[in-house]
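Below is one structure, written out as structure tokens; the observations come after it.
Here, residue 1 is the first one in the sequence, and each next residue gets the next number. Values below: all heavy atoms of this structure, side chains included; hydrogens, waters and symmetry mates excluded.
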Amino acid sequence: MSLTLTAMSDSAVTSGQQQWSGSGPPPRPSRGPYISAITNRTTNLGIRGAMLFSVGVFLALVLNLLQVQRNVTLFPPDVISSIFSSAWWVPPCCGTASAIIGLLYPCIDSRLGEPHKFKREWSSVMRCVAVFVGINHASAKVDFANNVQLSLTLAALSIGLWWTFDRSRSGFGLGVSIALLATLATQLLVYNGVFQYTSPDFLYIRSWLPCIFFAGVITMGNIGRQLALYEYKFIQEKTHQD
């Protein structure tokens, strides 16, 4: 029996040497599944964050241009970019916030154990983006008798956007919380003279601004959820193929 084991070990070594015919030492064994999964998860997270950042920058440039052209938002002349009529720091800040929100939504869903399954397709996400752009467009272009009517209209539209494309308690709670924080940050920026709003009626800003923030949070949350769902389906298909 010992002769048989010795022969088996010799044949295994011989076959291993035959498989590696290149120069230099033989290749190291592949990384374990746990390390590989961590690396893939980190890479996918970075890719999703970069995509969300790009979407946030693009929307900030387009939507802020509407506000500046209608003289709703006023920046000092020395900080205005000649191309996009916006301060240089607005797009990066909006992109960073979009990335954080888009990554936070699916994370909160998984922590709460409530996966979001309502209207999980890209066509629904694109309609959500279109409605959000329309709400922002209405805040800059549509003339109302006073800011109270405009604020109530935008509030109804923003809640309608959440009900149409989200309907989750976590989405509504995060939307309200982040909108309040963003409103407070905007108040501080205007108070310190970074920029200003024409005809402010809610301390230093317009009263409809929290509605815009809420709609933006819901929109970026939907994009982040859809990207996370796409990544999950891709990993599942790859696992089944392997």
Side-chain angles (χ1 to χ4, degrees), residues 42-69 72-73 75 79-81 83-109 116 120 122-140 154 157-158 161-162 165-166 168 170-190 194-195 197 205-206 208-231:
T42 304
T43 303
N44 294 332
L45 195 68
I47 294 174
R48 278 194 286 142
M51 296 177 67
L52 290 164
F53 179 86
S54 301
V55 173
V57 169
F58 175 76
L59 289 176
L61 291 173
V62 173
L63 300 180
N64 193 66
L65 181 61
L66 292 173
Q67 304 288 344
V68 173
Q69 286 181 343
V72 176
T73 306
F75 290 95
V79 301
I80 290 292
S81 171
I83 300 177
F84 299 109
S85 298
S86 175
W88 67 269
W89 50 268
V90 172
C93 289
C94 292
T96 303
S98 299
I100 294 174
I101 293 168
L103 295 176
L104 185 62
Y105 261 69
C107 180
I108 294 297
D109 291 338
H116 188 260
R120 304 313 325 216
W122 279 111
S123 60
S124 177
V125 173
M126 297 308 296
R127 288 195 297 269
C128 181
V129 173
V131 173
F132 169 61
V133 173
I135 291 174
N136 198 290
H137 185 78
S139 68
L154 294 182
L157 291 174
S158 299
L161 181 142
W162 166 79
F165 299 104
D166 193 318
S168 65
S170 59
F172 185 84
L174 279 174
V176 172
S177 301
I178 297 175
L180 292 177
L181 291 175
T183 302
L184 178 61
T186 307
Q187 294 274 19
L188 294 175
L189 290 175
V190 176
V194 177
F195 66 99
Y197 283 90
I205 63 174
R206 295 285 188 92
W208 45 258
L209 191 61
C211 304
I212 300 296
F213 286 143
F214 177 81
V217 171
I218 297 299
T219 301
M220 296 310 304
N222 275 341
I223 297 175
R225 282 168 167 167
Q226 191 64 26
L227 289 175
L229 179 63
Y230 179 79
E231 174 189 322

Closest approach of A99 and G49, non-hydrogen atoms and distance?
-> CB-O, 3.7 Å
Distance, nearest 0.5 Å, that separates OG1 of T183 from CD1 of I205 | 5.0 Å
Go through the steps for F172 and D166 under the test side chain to side chain contact (heavy atoms under 4.5 Å, CB included), then give the verdict.
-> CA-CA 8 Å; F172 185 84; D166 193 318; over 6 Å; no
Is there side-chain contact between C128 and V131, with heavy atoms separated by less than 4.5 Å?
-> no
Distance, nearest 0.5 Å, that separates OG1 of T186 from CG of L181 | 10.5 Å
Dump the intermediate steps for side chain to side chain contact (heavy atoms under 4.5 Å, CB included) on I100 and M220, then the final yes or no.
-> CA-CA 9 Å; I100 294 174; M220 296 310 304; over 6 Å; no
For the residue pair R48 and A228, what are the closest heavy atoms and their distance?
-> NH1-CB, 3.5 Å
Any donor and acceptor pair, going by atom type alone, linking the side chain of W162 with main-chain N or O of L157 inside 3.5 Å?
-> no
Would you name the heavy atoms of A60 and P91 that are closest together and state the gap between them?
-> CB-CA, 4.1 Å
Nearest heavy-atom pair of V129 and T219: which atoms, and what distance?
-> CG2-CG2, 3.7 Å
Please report the shortest heavy-atom distance between F132 and L63, naming the atom on each side.
-> CE2-CD1, 3.3 Å
Taking C-beta and beyond as the side chain, do L227 and W122 meet within less than 4.5 Å on heavy atoms?
-> yes
Can you check whether S124 reaches F165 side chain to side chain, under 4.5 Å on heavy atoms?
-> yes
Should V57 and P92 count as side-chain neighbours, where that means a heavy-atom distance under 4.5 Å?
-> no
Min side-chain heavy-atom separation F213-L180 under 4.5 Å = no
Donor-acceptor contact present, side-chain S158 to main-chain C211, <3.5 Å | yes
Decide yes or no for I223 and M51: does some side-chain heavy atom of the first lie under 4.5 Å from some side-chain heavy atom of the second?
-> no
Between atom CG of L61 and atom SG of C94, what is the distance when rounded to the nearest 0.5 Å?
-> 8.5 Å
List the steps and the verdict of side chain to side chain contact (heavy atoms under 4.5 Å, CB included) for F214 and L174.
-> CA-CA 9 Å; F214 177 81; L174 279 174; over 6 Å; no
Supply the atom-to-atom distance L161 CG to I135 CD1, rounded to the nearest 0.5 angstrom.
-> 5.0 Å
S168 and R225: side chain donor to acceptor below 3.5 Å | yes
Decide yes or no on side chain to side chain contact (heavy atoms under 4.5 Å, CB included) for V133 and V62, but give the supporting numbers first.
-> CA-CA 9 Å; V133 173; V62 173; 5.6 Å; no
Which heavy-atom pair separates N136 from S139 by the least distance, and what is that distance?
-> O-OG, 2.6 Å
Is a side-chain N or O of Y105 found less than 3.5 angstrom from the main chain of G171, in a donor-acceptor match?
-> yes
Kindly compute the distance separating CD1 (I218) from CD1 (I101), expressed to the nearest 0.5 Å.
-> 9.5 Å
